[in-house]
Amino acid sequence: MASRMLVTMALPYANGSLHLGHMVEAVQTDIFVRAMNAMGKEAIYICADDTHGTPIEISAAKAGVRPEEYIEAIHLEHEADYKAFEIDFDLFYTTHSPENEMHAGRIFEALKADGAIEKRGVEQMYCPTDKRFLPDRYIRGECPVCGTKDQYGDSCENCGSTYEPTALKNPRCAIDGNTALERRTSPHYFVRLSKYQDFLRQWTATPGRLQPEILKSLEKWLSEPLRDWDISRDAPYFGFKIPGEKDKYFYVWLDATVGYLSSTDHWCQEHGRRVEEFWKSPDCDVVHFIGKDIVYFHTLFWPATLHASGWSVPSRVHVHGMLTVEGAKMSKSRGTFLNARDYLQAGLDPEWLRYFYAANLGPGASDIDLSLSELKNRVNGELLNNVGNLANRALSLIWKNGGRLTHCVLGDRIREIEREIGELYSRCDTRAVVQKILDFSSFANQHLQAAKPWEKLKTDRDAALSDLTYAVNVARLCARWLAPIAPRFARGVEEQSGAELKWGDFKPLENSEIREPKPLVRKIEDADIEKLKSKFVAPEAPAAPKTPEIDIDQFGLVDLRAGKILAAEKVPRKDKLLKLTIDLGEQTPRTIVSGVAKSYAPEELIGKSVCVVANLPPRDFGKGLVSHGMVLFASGGAREHTVVELADVAPGSKVK
Ligand SMILES: [Zn+2]
Ligand SMILES: [Zn+2]
């Protein structure tokens, strides 16, 4: 085990405010770093704003400021929000830095020297009025496969096909709506990622690097040759110029991840250290925390570029789940979208949210749900009434009876509990950490309840004070184990009990003065929850469906059948599609393709009885994949698509 750690979370994009989803990652990473430091490692927590790219360049132009001014204002806002949530970075920097330009350039040169860079022409759509090439998100048009209108340049929301922007039918510029677009060819730089395929196979498969479910998804990508990665963009662009080029810039994703390295370098310069101590030393583990959406960048591109340029590759990439709010995707249109700032402005305590996130986050990548009633119940019932109450009750009674701790015996079990908690923190299983602490605190509360020191004070003062001293010491242990999660709560216990909390110290605090106890946590009132709810972006009323009426005979033309899903698998290179094998009571099962891979893992669908439109003409998805029918899904649920399930009905039964 290395003695040092360099820990990062994903760099927030400097094109908007931080929302409560960003805070899941910031809190999880912060807890991890605090726990590692408490246990005696040197863990440095580095972050920065991700500041480059077309969206920022365009937003700044719209706001009438230079991109530099635009990102500076966002940086101040991000910094203040993180601070309010007690995110204790060693450095919160920016990717628009001289260090980052230098390191990005060096990494590019190293890739070139390694023979991994290729320059070739790319045909793109060009808007003559905006005088710019239109990347994926800046062009809209009709899907070349299914004809759905108003789709982005990279993929169709309806059928899930992915394609090049040049394939869109009737394309228009998403910036000014111009339809008179041109095709122009421009040379681009590519990284031949397949050159590092063997290295990546080995790196990903090393135990401890990735969570099992993430490794599984990578194995699919790695089972076929990795696609080349386009790392250049044409002017106008906000970013770093590619060395030796006039109008070409590094694609934001190249220098964003380099931001981890270059920000560390900046921190090292300010602290008299060398970047090699962290990024070129076997005695340092580089650990990244990220969300599910950027796994590809962090587990394929990034390790390959580090490997090619001689830096340490990450020891571990930890992926967390996404945040849903009240059971639904965080979305402005659903009224479940909350900025970090809204939470603060509603007057809620950031530590409540830290506690809630920690109590819900496990070691895996499952999504977590912010239910406001659960937030209230857990904070009030656990942090306040269990651990907080133990400390407050015991300290208050001691304060009224001389204000001095006497003596107690803590027992040996606490060493074992601390060791277990340490391991759970290392695995990012804070859900289990919280449970362990609550169990221990409940046990001490029961002990106190049975011993009744408040009655015994009149008859056996020594025994009563010893019971209370024991309770204070248990509360101190719980507070130190909770400190990475709820640092202010822990500081309160530390100050009121009168001595520092230290990991690894198992001697009870005895024969010493305490200070005047004060409440450690405020209770969450219904009014708090109401105030928070009022900050939700108001949902737009869904438009009444405007479909023409049909008569019953027309409906009768649709052949709806019950089908049973026998098999489901992802479709290579089509990240929205699932290939389903469905028993419709016919001689052979049918293949049906559904664009729902973002909503369901294949195994979730296997065995379900579903409703199938059985008389659609076959649809060809290319490469021999033909769909014979359509499975019905509903929108408006927690997932983008929710499968319409039929209770036990034999395959082939008619649905009328
Ligand atoms: Zn345009
Ligand atoms: Zn389509």
Side-chain angles (χ1 to χ4, degrees), residues 15 53-64 67 122-186 233-239 247-249 251-252 547 569-580 591-600 612-613 616-635 639-641 643:
N15 193 28
T54 310
I56 285 173
E57 188 247 322
I58 288 177
S59 294
K62 272 191 189 152
V122 175
E123 188 183 52
Q124 290 173 285
M125 300 310 285
Y126 181 88
C127 175
T129 51
D130 283 313
K131 294 193 177 55
R132 65 165 73 235
F133 287 100
L134 300 173
D136 317 333
R137 296 268 132 180
Y138 289 93
I139 183 164
R140 305 205 72 152
E142 289 162 28
C143 167
V145 180
C146 74
T148 303
K149 291 200 166 117
D150 208 27
Q151 297 304 306
Y152 280 122
D154 52 352
S155 62
C156 170
E157 284 171 322
N158 182 49
C159 72
S161 310
T162 55
Y163 40 76
E164 292 301 318
T166 43
L168 276 181
K169 285 189 226 154
N170 299 319
R172 61 169 205 282
C173 168
I175 305 163
D176 63 359
N178 183 13
T179 54
L181 303 181
E182 295 169 12
R183 282 164 186 264
R184 287 197 187 180
T185 300
S186 150
R233 291 294 183 269
D234 291 290
Y237 199 76
F238 181 53
D247 288 329
K248 265 182 218 310
Y249 292 79
Y251 176 39
V252 54
T547 41
E569 58 186 284
K570 293 197 167 165
V571 179
R573 293 181 181 240
K574 305 268 186 201
D575 54 0
K576 288 189 181 168
L577 299 186
L578 288 182
K579 178 186 166 193
L580 308 172
T591 295
I592 295 182
V593 178
S594 285
V596 296
K598 293 273 160 82
S599 300
Y600 286 94
V612 175
V613 183
L616 285 169
R619 205 167 92 200
D620 194 344
F621 284 84
K623 299 228 167 97
L625 181 62
V626 180
S627 181
H628 300 273
M630 185 169 83
V631 177
L632 298 190
F633 288 85
S635 59
R639 313 181 195 227
E640 192 183 345
H641 302 95
V643 68

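Note that ligands are numbered from 1 as they come in the structure, with each ligand's atoms numbered from 1 the same way. Residue numbers count from 1 along this sequence.
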Atom nearest to the Zn ion (ligand 1) - D176, N, O or S atoms considered:
OD1

Considering residues at least two apart in sequence or located in another chain, which fulfil the salt bridge (Lys or Arg N to Asp or Glu O under 4.0 Å) criterion with R619?
none

On a heavy-atom basis, the closest approach of R140 and A174 is CG-CB, 4.0 Å

To the Zn ion (ligand 1), the closest N, O or S atom belonging to D130 is OD2

dist D234:CG -> L134:CG (nearest 0.5 Å) comes out at 11.0 Å

For residues 164-173, which residue pairs pass the side chain to side chain donor-acceptor pair (under 3.5 Å) check, not counting sequence neighbours?
E142-N170, D150-R172

Does a side chain donor of either S161 or K576 reach within less than 3.5 Å of an acceptor in the other side chain?
no

What are the two closest heavy atoms between P128 and A180, and how far apart are they?
CD-O, 3.4 Å

Taking 2.8 Å as the distance threshold, tell me the number of protein N/O/S atoms next to the Zn ion (ligand 2).
4

H641: partners by side chain to side chain donor-acceptor pair (under 3.5 Å), with sequence neighbours left out:
S599

